[in-house]
Amino acid sequence: MSQRVTIAVPESLFTRLQPVKQGFNISAVCQEALEMAITIEELKTQVAEDENLVQRLQTEKKVLLNKVRQEGFELGIRSSAKLSYKDFRHFERVQSLATALDEDVLDYLWSYLNQKDYPEQARHLDADFAYLLEVDPSCRISFAQGWIDGVLSAWQTIKTQVENPQ
């Protein structure tokens, strides 16, 4: 069932319409124009709602990066048992540089842990998590930063005992 809508057009448009109105269905043309205008307004509304989507995804990304960093932190604590006094002092000195790590840092970390004979099965990561590290440079960096933080956390726990034996 159709509903009637009356529209007003300027005099100049009405004058131009008169000689050509037999060539098309005025009602269909108006319906199509109204459909397009409504669709545009609906899309604008959707974009406003998408801003909520963007905020939600940004929050999810932040939570994910925190989880990635936490995983790196835990590996740092576990792997610190293989580090030397010199290693701890080195990471203590370079900690401020951890903010400038690049996306290749994970390759260096794995190589470093191999040099320290830290078992590969002890650093096994969930497949989805490992894939995330593989495809997302920011995750690799966050993981490595977490690892350094974990190593230094372990160091802070034992540092006074090492530096000041009783």
Side-chain angles (χ1 to χ4, degrees), residues 5 7 29-166:
V5 176
I7 64 167
V29 169
C30 290
Q31 287 173 18
E32 186 177 333
L34 192 54
E35 178 73 32
M36 288 179 8
I38 290 169
T39 300
I40 289 170
E41 288 304 311
E42 288 172 341
L43 289 172
K44 287 179 185 178
T45 302
Q46 184 179 355
V47 167
E49 291 170 0
D50 285 350
E51 288 178 13
N52 294 334
L53 172 64
V54 168
Q55 289 173 344
R56 181 178 58 80
L57 293 177
Q58 286 172 338
T59 301
E60 287 178 16
K61 179 182 178 185
K62 185 177 179 181
V63 167
L64 183 63
L65 285 175
N66 285 337
K67 184 179 187 294
V68 167
R69 191 176 191 104
Q70 181 65 30
E71 290 285 332
F73 184 88
E74 291 172 11
L75 179 63
I77 290 173
R78 288 192 310 271
S79 63
S80 64
K82 293 284 188 176
L83 302 181
S84 68
Y85 177 78
K86 185 179 173 183
D87 293 329
F88 282 115
R89 296 307 298 217
H90 170 73
F91 287 115
E92 197 172 40
R93 279 192 313 276
V94 299
Q95 179 183 19
S96 62
L97 301 176
T99 58
L101 298 175
D102 67 17
E103 64 184 70
D104 295 328
V105 69
L106 209 51
D107 295 332
Y108 298 121
L109 175 58
W110 296 148
S111 295
Y112 182 78
L113 290 175
N114 287 339
Q115 287 176 340
K116 296 298 174 181
D117 294 322
Y118 188 72
E120 192 156 334
Q121 67 271 15
R123 54 185 128 134
H124 179 72
L125 302 169
D126 170 82
D128 289 337
F129 192 80
Y131 176 75
L132 185 63
L133 292 179
E134 199 176 297
V135 299
D136 189 343
S138 63
C139 285
R140 290 193 291 275
I141 292 168
S142 188
F143 184 84
Q145 289 169 333
W147 182 84
I148 292 171
D149 290 345
V151 165
L152 291 176
S153 175
W155 173 240
Q156 290 305 315
T157 302
I158 61 170
K159 181 179 178 178
T160 55
Q161 296 170 13
V162 171
E163 300 291 342
N164 304 315
Q166 296 170 349

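Worth knowing before you read on, the calculation uses all heavy atoms, side chains too, and leaves out hydrogens, waters and symmetry mates. Start at 1 with the first residue, then count along the sequence.
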Counterpart residues, side chain to side chain donor-acceptor pair (under 3.5 Å), relative to Lys86 (two or more places apart): none

Set of residues satisfying side chain to side chain donor-acceptor pair (under 3.5 Å) with respect to Tyr112, sequence neighbours excluded: Asp87

Interatomic distance, Arg140 atom CZ to Asp104 atom CG [nearest 0.5 angstrom]: 7.5 Å

Qualifying residues under salt bridge (Lys or Arg N to Asp or Glu O under 4.0 Å), relative to Lys159, sequence neighbours excluded: Glu92

Side chain to side chain, Leu101 and Tyr108, heavy atoms closer than 4.5 Å: no

Atom pair CD (Glu42) and CD (Glu35), whose distance is rounded to the nearest 0.5 Å: 7.5 Å

Smallest separation among heavy atoms of Ile7 and Cys30, with atom names: CD1-SG, 3.5 Å

Trace of the side chain to side chain contact (heavy atoms under 4.5 Å, CB included) decision for Glu120 with Trp110: CA-CA 9 Å; Glu120 192 156 334; Trp110 296 148; over 6 Å; no

Residues which pass side chain to side chain donor-acceptor pair (under 3.5 Å) with Gln70, listed by chain and number, not counting sequence neighbours: Glu74

Contact check, side chains of Gln145 and Ile141, non-hydrogen atoms, under 4.5 Å: yes

Atom NZ of Lys116: over 12 foreign heavy atoms under 6.0 Å: yes

Criterion side-chain contact (heavy atoms from CB on, under 4.5 Å) against Phe143, the qualifying member of Leu132, Asp136, Leu109: Leu109

Closest non-hydrogen atom pair between Ser79 and Tyr118, with its separation: CA-CE1, 3.4 Å

Nearest-0.5 Å distance that lies between atom OG1 in Thr157 and atom CG in Leu152: 10.5 Å

Side-chain donor/acceptor of Ser111 to backbone N/O of Asp107, under 3.5 Å: yes

Salt bridge (Lys or Arg N to Asp or Glu O under 4.0 Å) against Arg78, all qualifying residues, sequence neighbours excluded: none

Residue pair Leu65, Arg69: steps toward the side chain to side chain contact (heavy atoms under 4.5 Å, CB included) verdict: CA-CA 6 Å; Leu65 285 175; Arg69 191 176 191 104; over 6 Å; no

Separation between CG of Leu64 and SG of Cys139, rounded to the nearest 0.5 Å: 5.0 Å

Value rounded to 0.5 Å, distance of CD1 in Ile158 from CD in Glu163: 10.0 Å

Distance (rounded to the nearest 0.5 Å) between Ser80 OG and Leu75 CG: 9.5 Å

Worked verdict on Trp147 versus Val105 for side chain to side chain contact (heavy atoms under 4.5 Å, CB included): CA-CA 11 Å; Trp147 182 84; Val105 69; over 6 Å; no

Residues which pass side chain to side chain donor-acceptor pair (under 3.5 Å) with Gln95, listed by chain and number, not counting sequence neighbours: none

